[in-house]
Engineer: 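My structure is below; once you've seen it, I'll send some questions.
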Amino acid sequence: TMRLAAVGLVAAIAAASGDADVRLVVDTATPIAHVDQREVSVTWDIYALQPGPMERKAPFDLADPFLRGLVANLQPFVLRISGTGCENVIFGTNSTQTVPEGVIKVLRPGGGGTSPFNARPSDWDQVVAFANATGAEMVVGLNMLLRKWPRSGGEGGCGGVGEAGCLWDSTNARAWIEHNRDVGAPIYGYELGNEPGCFMPEVNLTGDMAAADFGSLKGLLGEVYSDGRTPMVLGPDVGGCWKGGQGPRSIEPILSHRPPVDIITFHHYVLPGSTKNGHGVYTPAQFAAAALSNITRSTVESYAAAQHAYMPSTPMWLGEGATTYSQPLDNSFASLYNFIGILSETGRAGVSVFAKQSLSDLLPPASGPNHATPTPPFWAALLWKRLMGQRVLAVEALQGDGTENADSVVVAGRSRKDGNPGAVVALVNLAATARTISLTSRSRVGNAGTPSLSRTQVAGSACEVYVLAAVGNASGTELTVNGAAPAVDATTGKVPPIPPRTLPNCDAVPVPSGAVAFVVLRS
C-alpha cells in the first residue's frame, strides 16, 4: 500500500508540474529539526584589537551610521568575536599576564595570526558600542593559554604534571568579564579558546583538563553575574585549522568528559583556506564543486554523532565557518553556493546556528563607487532572515520525471518566517544551463502509527520567488534580485522590503545557471 501511494505521488507530481526539469518536494507536515532564531549569524576576528587604528583592522568604521544601520537589518544575530588570535589576546594595557614563549612557539606560524598583545579597553568599547547599535548579541572568545604553567618558560606545556599543576588562570578573563558587565555589553556568551585541537597536543593539554577549564569559566560567570542573568558557556570550538588530527575527531576527547557547556560549538570550512597556506586561489567552479560534494554533510554528521554520543541534550552550533577563508572570493557571488549548502546540512543535522566567517565579507568596501553596495553574502543572509522560519523541512530534489535524484542543485527547506502554512526553499542551480523548477508540498497523514502519503498541493498555491543572479560573473560582488539591483538607503543603511516575483503556483519557476533562488510556497 505504501509503495502504491508513493508511486501515485510521483505520478501526481509529474502530472501537475508540467515541463519542469527539477521537481522539489517539501514535507510540510513534520519538521526534521528546529533551529534558533539567530540561525544566520556572523563572526569578527579578534586580532583587530591589536594596537592601532580600529578602522584599518576592522576593516570598516565601527561608528559609521550607514554600516550600523545596514548590519541592524540582520537582527536577531550573534556577533562571535574570537578567531585565530584568541590565544594571544590579553585584555587591558595594565595586565602583566602573558602566554610564555615556550608555548607561543608551538602555535601556528606567527603565534596564531599575531604576536601576543594587550587589547585596549577603549578599542574594545568601540566594538561594544557597535554591537549595541546593531542589535547584536556578543559571543566573546577568552584566552585558554593563560594558565598556571608548571615551568616559567612554558617548555613542555602541561606535560607530566597532571590537571592540578596546569590550571587555567582566570585572572584576565575576570577583568574582561567584569568590564563587559559594567559597560553594558550585550553578551550572549563566552567561549574558552579557539580551535584548541590545533594546539592541545602540542602543549600536552588533555581533554579532561579542557573540560575542567569550562567548569572554571562557568563558575566565574556565576560569580560575576550574581543577578542571575548569567551568559552562556560555548565550546569547545574545535575544527577549522586543517592540522593533522583536527576536525571531527578532535571533539571527542573533550566531549567524552562532558564539559559543562551550554552550547557545543565546532568550526567548518569546506575548503582549506588562505593563499598563505599554499592552497592557491580558488575559482567559482571549485566553489561550485565543493557545494555539490559530500564534504559538508560528512563533516557536520561526524560532529553531530559526537554530540549525540556524549551530550545529546545540549544544543550545537557551527560557531565559525564558510567556503574557505582569506581568499579573493570570500565576499563574491560564488560564496553563496556553500552558504546555502552549509545551512542545508546544519539544519538537517539539527545544528541550530551558523556563524558565517566573517562580518566584513558582508559589507561594502570602505571607499570607492560601491561604498553603499552590500555584497552578495549580505543579501543572501538578509533574505534568509526575512523568509526562512525555524522549522527545518525535508526536501527531495528529483529529475523531471520524478524518478531520480536531481544533480547540480543544492536545496534547503524551512517553514515560513511569518508562521503561516507553506514552506520556503532556498536553492542553487549549479547546472551548466537554466533549470525550470517546480515546488510542491507533501503532507503525511495516517493513524495507528502507519503514515501514508497525502495530497500534493500544487494548484492554487500562490508562489513568491526571489532569484539572485550575479552581475557579470560569479567572482564579482554585485547581484540583482529578480533582475533589479536591491535597494538600500545610502544614509541610514535600512533595506526596504524586497518585492518578490509572484506566480499563481510553483509549477514552473525558471532559475538561470549559477543563480540562487528563494521560493515561497503559500499553501
Side-chain angles (χ1 to χ4, degrees), residues 40-47 78 80-86 108-109 112-113 139 141 191 193-199 234-251 264-304 306 316-332 334-347 349 351 353-362 375-377 380-381 410 428:
V40 173
S41 290
V42 289
T43 69
W44 187 78
D45 277 311
I46 204 167
Y47 60 70
V78 163
R80 185 252 183 183
I81 302 167
S82 186
T84 303
C86 180
R108 285 170 278 186
V139 169
E191 300 173 343
N194 178 73
E195 299 175 5
C198 299
F199 59 74
L234 297 84
D237 265 1
V238 299
C241 76
W242 290 84
K243 192 172 184 178
Q246 179 62 307
R249 293 189 303 276
S250 65
I251 201 169
I264 299 167
T265 54
F266 68 96
H267 296 177
H268 168 58
Y269 290 93
V270 186
L271 296 170
S274 181
T275 54
K276 299 176 184 176
N277 292 344
H279 298 300
V281 176
Y282 292 113
T283 65
Q286 289 172 303
F287 273 31
L292 293 172
S293 75
N294 200 43
I295 295 171
T296 295
R297 173 169 293 188
S298 61
T299 300
V300 172
E301 287 181 346
S302 295
Y303 282 116
M316 177 175 270
W317 288 12
L318 172 46
E320 177 191 314
T323 309
T324 183
Y325 57 94
S326 300
Q327 286 273 334
L329 295 182
D330 289 347
N331 63 351
S332 70
S335 71
L336 304 190
Y337 305 159
N338 286 285
F339 175 77
I340 301 298
I342 289 171
L343 285 164
S344 174
E345 297 304 333
T346 53
V351 176
V353 168
F354 164 40
K356 185 190 179 323
Q357 173 80 3
S358 70
L359 175 60
S360 60
D361 290 333
L362 276 65
T375 64
V410 177
V428 188

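On a predicted model such as this, the values are computed, not experimentally measured, just so you know.
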Engineer: Any luck finding a side-chain donor-acceptor pair between T43 and E320 under 3.5 Å?
Structural biologist: no
Engineer: So, do L329 and P284 sit near enough that their side-chain heavy atoms are less than 4.5 Å apart?
Structural biologist: yes
Engineer: Is there side-chain contact between L336 and F287, with at least one heavy-atom pair below 4.5 Å?
Structural biologist: no
Engineer: Got a second to check how far T323's OG1 is from N338's CG, nearest 0.5 Å?
Structural biologist: 4.0 Å
Engineer: Checking the side chain of S298 only, and the main-chain atoms of I295 only, is there a donor and an acceptor separated by less than 3.5 Å?
Structural biologist: yes
Engineer: Determine whether V40 and F339 make a side-chain contact, defined as any pair of heavy atoms from C-beta on separated by less than 4.5 Å.
Structural biologist: yes
Engineer: Kindly compute the distance separating CG (N331) from OG (S358), expressed to the nearest 0.5 Å.
Structural biologist: 9.5 Å
Engineer: Got P328 and V281 here, is their nearest side-chain heavy-atom distance under 4.5 Å?
Structural biologist: yes
Engineer: If the condition is side-chain contact (heavy atoms from CB on, under 4.5 Å), which residues does A349 pass it with, not counting sequence neighbours?
Structural biologist: V300, A304, V351
Engineer: I need the I251 CD1 to I264 CD1 distance, nearest 0.5 Å.
Structural biologist: 6.0 Å
Engineer: Do P272 and Y282 have side chains that approach each other closer than 4.5 Å (heavy atoms only, starting at C-beta)?
Structural biologist: yes
Engineer: Could you check whether any side-chain heavy atom of L362 comes within less than 4.5 Å of a side-chain heavy atom of V42, counting everything from C-beta outward?
Structural biologist: yes
Engineer: Between the side chain of S41 and the main-chain N/O of F354, is any donor-acceptor distance below 3.5 Å?
Structural biologist: no
Engineer: Enumerate the residue pairs fulfilling salt bridge (Lys or Arg N to Asp or Glu O under 4.0 Å) with a member in residues 284-293, sequence neighbours excluded, ordered by first and then second residue.
Structural biologist: none
Engineer: Between Q327 and G280, is there a donor-acceptor pair closer than 3.5 Å when you use the side chain of the first and the backbone of the second?
Structural biologist: yes
Engineer: Provide the closest heavy-atom pair for T324 versus L271 in the form atom of the first, atom of the second, distance.
Structural biologist: OG1-O, 3.4 Å
Engineer: Is there a donor-acceptor contact under 3.5 Å linking the side chains of D45 and Q357?
Structural biologist: yes
Engineer: Describe, in one word, how the ring planes of Y303 and F266 are oriented to each other, choosing from parallel (under 30°), tilted (30 to 60°) and perpendicular (over 60°).
Structural biologist: parallel
Engineer: So among L234, V139, V353, which one has a side-chain contact (heavy atoms from CB on, under 4.5 Å) with R80?
Structural biologist: V139
Engineer: Search all heavy atoms of H267 against all heavy atoms of G319 and return the closest pair with its distance.
Structural biologist: CD2-C, 4.0 Å
Engineer: Nearest 0.5 Å, what's the CG-CG distance between D361 and D330?
Structural biologist: 5.0 Å
Engineer: Quick check: does any side chain N or O of T346 sit under 3.5 Å from a backbone N or O of I342, one acting as donor and the other as acceptor?
Structural biologist: yes
Engineer: Just how far is it from atom OG of S302 to atom NE2 of H268, taken to the nearest 0.5 Å?
Structural biologist: 10.5 Å
Engineer: Under 3.5 Å, is there a donor-acceptor pair linking the side chains of D237 and T265?
Structural biologist: yes
